[in-house]
Structures are given as structure tokens and as C-alpha cells.
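First comes the structure, then the notes that go with it.
Below, chain A is the first sequence line, B the second, and so on; all start at residue 1.
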2 protein chains.
Amino acid sequence: MSDVTESPKIPDFLCCVDCVGFNLRKATRAVTQLYDEMLRPAGIRVTQYSLLVVLKIVGPVLVTDLAEKIVMDRTTLSRNLELMEKQGLVNVVPGEDRRTRCVTITESGSAVLLEAYPLWQHAQDKIRESMGEERLQALMADLSALIDVSQAR
Amino acid sequence: MSDVTESPKIPDFLCCVDCVGFNLRKATRAVTQLYDEMLRPAGIRVTQYSLLVVLKIVGPVLVTDLAEKIVMDRTTLSRNLELMEKQGLVNVVPGEDRRTRCVTITESGSAVLLEAYPLWQHAQDKIRESMGEERLQALMADLSALIDVSQAR
DNA sequence: TTTATAAAGGAGTATATACACATAATTATG
DNA sequence: CATAATTATGTGTATATACTCCTTTATAAA
């Protein structure tokens with residue numbers, strides 16, 4: 001009778017404030033801006049920084065292999081690499097298999113990486129100090145689990 | 001003497017496999033693709049789905065207020081809304097303050113939302129069933145904490 | 001060995017994202 | 001009230017993302 005005792009007029013399907021996709025994207029926007037702002041003096045963003053690090057570890061590597069490793073669409077990676085090649089951060093050369101293209105970090109890319117590292121660390125430390133090492137590791141594990149379930153077909 | 005006992009030759013600054021930004025973006029790519037694939041029959045992606053839900057709950061709302069609420073750059077939101085307006089999903093009209101623009105979900109947008117809801121639910125359930133409700137809630141809390149620390153200036 | 005299939009990649013298109021700068025309208029200040 | 005500061009938004013530019021379709025090359029099948 002009185003609407004005081006009634007629950008809010010929000011239908012069931014509006015409970016998507018719990019949508020994992022939405023909340024993940026929302027957090028990613030905020031966190032990306034933090035890293036990008038910290039990395040700005042180095043002239044790269046967290047996307048390129050991450051690519052440089054991965055290339056330093058696993059490169060030289062084929063485009064498709066790299067794309068799979070970092071869970072990125074092949075065409076997205078290609079276009080990101082194209083920009084980095086223009087900026088002199090990476091080299092992309094034909095592989096032995098003439099279909100493939102092989103990616104390597106350049107000396108210039110390594111130099112930028114070294115310059116960016118302490119900047120990246122500031123961002124990372126800010127988050128680590130706020131959340132604590134344990135919670136951060138749990139979060140990493142959860143993100144990994146999210147990838148697994150999302151890719152299970 | 002022997003390199004068997006040595007740790008791998010990866011310098012300290014390459015430990016960024018722990019980079020929160022990188023891992024968050026990586027997981028977001030995977031999860032977004034899951035939701036987008038599930039939502040495809042409804043003709044919208046998880047970005048638009050989320051916007052429709054939020055508009056259904058909090059609309060009508062001013063662009064800047066909405067942007068702040070969903071932690072999205074104002075100009076990004078404007079351009080997303082522009083597409084949705086063309087598709088007839090939302091209305092954007094001038095507010096009383098003649099500087100402002102007020103956003104509302106349309107009837108057509110509500111219809112698409114209803115059609116998309118069960119599709120969204122399939123994606124959400126897949127993740128929920130895989131991770132478990134508890135872990136999922138912990139993850140949501142962590143994402144919220146990430147936003148807080150990223151925006152603390 | 002010819003042909004069919006698969007794999008790697010590029011190009012076209014479209015959405016998502018945000019920074020820097022400019023404009024219009026409102027509010028605060030003198 | 002006139003001017004200065006603030007606020008809300010739009011535009012230009014650039015990166016990030018991925019789907020679809022197409023070409024080239026390699027491998028498997030006949």
C-alpha cells in the first residue's frame with residue numbers, strides 16, 4: 001500500500017552495476033590514465049611500455065605469436081607496432097617463412113624503456129602501496145582467471 | 001660457475017609482467033570480447049549495453065555528470081552518445097542551463113536493452129559460475145579500489 | 001605434382017578512448 | 001552592472017581496439 005516498504009522500481013535486468021565487463025572497463029580507464037600520466041615524460045603510454053617490455057623478454061617474435069601471448073587481436077597489434085616502428089622503437093622484418101613478420105625492440109626502444117621504467121614504477125608503487133602486495137597478487141590471479149573463462153570456447 | 005643455479009638473465013625492470021595496467025587491459029580485452037560476442041545478436045556491444053543500463057537507472061542526466069559517474073572522459077562519452085543517438089538508442093536535448101545537454105534513453109533503446117538482457121546474462125553467468133560469487137564480489141571491490149587510488153591526486 | 005586447405009598477414013571499416021584547445025553560457029567579483 | 005572566472009560542451013588529433021574480407025605463402029591431399 002505504501003511505497004515506503006517497497007523496493008526501488010528498478011527491474012531485475014538493471015542489476016548490471018555488477019556487470020564484470022562494465023566494471024573492468026571502468027577500472028581500466030582510470031588505471032590507464034594513471035600510468036599514462038606517469039609515463040608522459042618518457043613520451044610513451046602504458047600500451048607501448050608493456051609492448052616494449054614483452055619484446056625485451058620474448059623478442060624477436062612473430063606478430064601472431066606475440067598477439068596470442070598478450071591476448072590482443074592480431075590486427076590491433078599490427079597497427080600498434082606500425083606506430084612504434086615509425087617512432088623507431090621496434091623493428092619489423094620478414095621472417096624465414098615469407099608470410100611472417102618478425103618483431104624486435106630497437107636500441108632506441110630499449111633506451112626509452114630504461115627511461116620509462118622509474119616512471120612506470122611510480123605508478124605501480126602507488127597502486128601496490130594502496131592495495132597491498134597480497135591483495136594485488138589476488139587481483140592478478142583473478143584477472144588471469146577472467147582471461148581463461150573468457151577464452152574458453 | 002654453472003648457469004643452472006643462476007636466475008634468468010632478465011633485468012629488474014622487466015618484472016613488469018606484474019604491471020597492473022597491462023594485466024588489467026589484457027583481461028579487459030578478453031572479457032570485452034566475450035560480452036561483445038554474446039551481445040552481438042542484439043546489435044550492441046557491452047559499452048553501449050552498459051550505457052543503456054546506466055541511463056535507464058539514472059537518466060535523464062547531463063553529459064558531464066554521466067561521464068563522472070562512469071569514470072569516462074567527457075569527450076569519449078559524448079562521441080559514444082553521438083553514435084547511440086544516430087542509432088536511435090538515446091535522446092540528447094539541451095538542458096535548462098543552455099550550456100548543458102541532457103541524455104535520455106529512448107523507447108527503442110529500452111527495447112534493445114530488454115532484448116540484450118538475456119544475452120548479457122549468459123556472459124555474466126559464464127563468468128560468475130566460473131569464478132564463484134564470493135571471488136567475483138572481491139574482484140569488484142578490488143576494481144573499485146583501483147579506481148579510487150588511480151583518481152587520488 | 002597438381003590441387004585443396006591452412007596459416008600469416010594487410011586493408012577497410014567502425015567503435016572506444018582521451019588530450020589540447022576553442023566556444024558559449026553562467027556565475028562570481030569588483 | 002560590467003568584467004573576470006568558472007563551467008559545459010564541441011572539435012581536432014591521435015592512439016587502441018577488433019571484425020570482415022582479401023592476398024600471399026606454405027602445407028596437406030589427391
Side-chain angles (χ1 to χ4, degrees), chain A residues 21-22 24-41 43-51 61-68 70-87 89 92-103 150-151, chain B residues 21-22 24-41 43-51 61-68 70-87 89 92-103 150-151:
Chain A
F22 174 61
L24 206 51
R25 293 179 69 82
K26 188 166 64 165
T28 297
R29 285 191 292 269
V31 171
T32 297
Q33 279 185 75
L34 172 67
Y35 281 90
D36 285 354
E37 182 187 322
M38 298 287 202
L39 287 170
R40 192 163 306 156
I44 58 174
R45 305 182 185 179
V46 67
T47 303
Q48 294 193 345
Y49 179 80
S50 302
L51 273 174
V61 62
L62 305 183
V63 173
T64 299
D65 294 342
L66 181 56
E68 187 178 6
I70 65 177
V71 190
M72 183 180 282
D73 186 88
R74 177 185 55 78
T75 65
T76 302
L77 176 59
S78 281
R79 276 159 172 150
N80 290 350
L81 289 174
E82 197 176 15
L83 288 173
M84 296 174 75
E85 198 182 14
K86 281 179 191 162
Q87 295 159 4
L89 301 173
V92 185
V93 298
E96 292 185 20
D97 182 333
R98 279 184 301 169
R99 292 170 300 182
T100 64
R101 308 222 307 150
C102 190
V103 190
S150 297
Q151 293 190 328
Chain B
F22 174 60
L24 205 51
R25 293 180 69 83
K26 188 166 66 165
T28 297
R29 285 192 291 268
V31 171
T32 297
Q33 279 184 74
L34 172 66
Y35 280 90
D36 284 355
E37 182 187 322
M38 297 287 202
L39 286 170
R40 194 163 303 156
I44 57 174
R45 306 183 186 180
V46 67
T47 303
Q48 293 193 345
Y49 179 80
S50 302
L51 273 174
V61 63
L62 305 184
V63 173
T64 298
D65 294 342
L66 181 56
E68 187 178 6
I70 65 176
V71 189
M72 182 181 282
D73 186 89
R74 177 185 55 78
T75 64
T76 302
L77 176 59
S78 280
R79 279 164 168 147
N80 290 350
L81 289 173
E82 198 175 13
L83 288 172
M84 296 173 76
E85 197 181 16
K86 281 179 190 162
Q87 294 158 4
L89 301 173
V92 184
V93 298
E96 293 185 18
D97 182 333
R98 279 183 301 170
R99 291 171 301 181
T100 66
R101 307 221 309 149
C102 189
V103 189
S150 297
Q151 292 189 329

A/Leu51 and A/Leu77: CA distance, side-chain angles, deciding distance, side-chain contact (heavy atoms from CB on, under 4.5 Å) verdict: CA-CA 9 Å; A/Leu51 273 174; A/Leu77 176 59; 3.7 Å; yes

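- Of the residues near DNA chain D, A/Arg79 and B/Thr75, the one whose nearest nucleotide (by heavy atom distance) lies more toward the 5' end is B/Thr75.
- Separation of atoms CZ (A/Arg79) and CZ (A/Arg74) is listed at 9.5 Å; rounding is to 0.5 Å.
- Side-chain proximity of B/Thr100 to D/dA8, D/dG10, D/dT15: nearest is D/dA8.
- Among the nucleotides C/dA20, D/dC19, C/dT15, the one closest to any side-chain atom of B/Gln87 is C/dT15.
- A straight line from CG of A/Leu81 to C1' of C/dG9 spans 12 Å, rounded to a whole angstrom.
- The base of C/dG9 lies close enough to the side chain of A/Arg74 for a donor and an acceptor atom to sit less than 3.5 Å apart.
- In this structure, B/Glu96 atom CD and D/dT7 atom C1' are separated by 16 Å, rounded to whole Å.
- Among A/Gln87, A/Lys86, A/Glu85, the one residue that satisfies the side chain to side chain contact (heavy atoms under 4.5 Å, CB included) test with A/Leu89 is A/Gln87.
- Comparing C/dA16, D/dA18, C/dG10 by their nearest atom to the side chain of B/Thr76 picks out C/dA16.
- For D/dA8, neither phosphate oxygen OP1 nor OP2 lies less than 4.0 angstrom from any side-chain nitrogen or oxygen of B/Thr64.
- Considering only side-chain N and O atoms, B/Asn80 lies under 4.0 angstrom from the phosphate OP1 or OP2 of C/dT17.
- Separating the CG atom of A/Leu83 from the P atom of D/dT17 is a distance of 11 Å, rounded to the nearest angstrom.
- For the pair A/Met84 CE and D/dT15 C1', the computed distance is 12 Å after rounding to whole Å.
- Between the CG atom of B/Leu51 and the P atom of C/dA16 there is a distance of 8 Å, rounded to whole Å.
- In the displayed structure, B/Glu68 atom CD is contacted under 6.0 Å by at most 12 heavy atoms of other residues, nucleotides or ligands.
- B/Arg99 has its CZ atom 17 Å from the P atom of C/dT23, to the nearest Å.
- Residue-to-nucleotide contacts include no donor-acceptor pair under 3.5 Å from the side chain of A/Arg29 to the base of C/dT17.
- Distance, A/Lys26 NZ to C/dA18 C1': 18 Å, rounded to whole Å.
- We find the OG1-CZ distance between A/Thr28 and B/Arg29 to be 9.5 Å, quoted to the nearest 0.5 Å.
- Not a single donor-acceptor pair, N or O on each side, falls under 3.5 Å between the base of C/dA25 and the side chain of B/Arg98.
- Rounded to an integer number of Å, the gap from B/Glu85 CD to C/dT15 P is 14 Å.
- Each of A/Gln33 and A/Glu82 has a nearest nucleotide on DNA chain C; the 5'-most of these lies closest to A/Glu82.
- Counting non-hydrogen atoms under 4.0 angstrom, A/Thr32 reaches nothing in the nucleic acid.
- Each of A/Asp65 and A/Arg40 was assigned the nucleotide of DNA chain C with the nearest heavy atom; the assignment lying further toward the 5' end belongs to A/Asp65.
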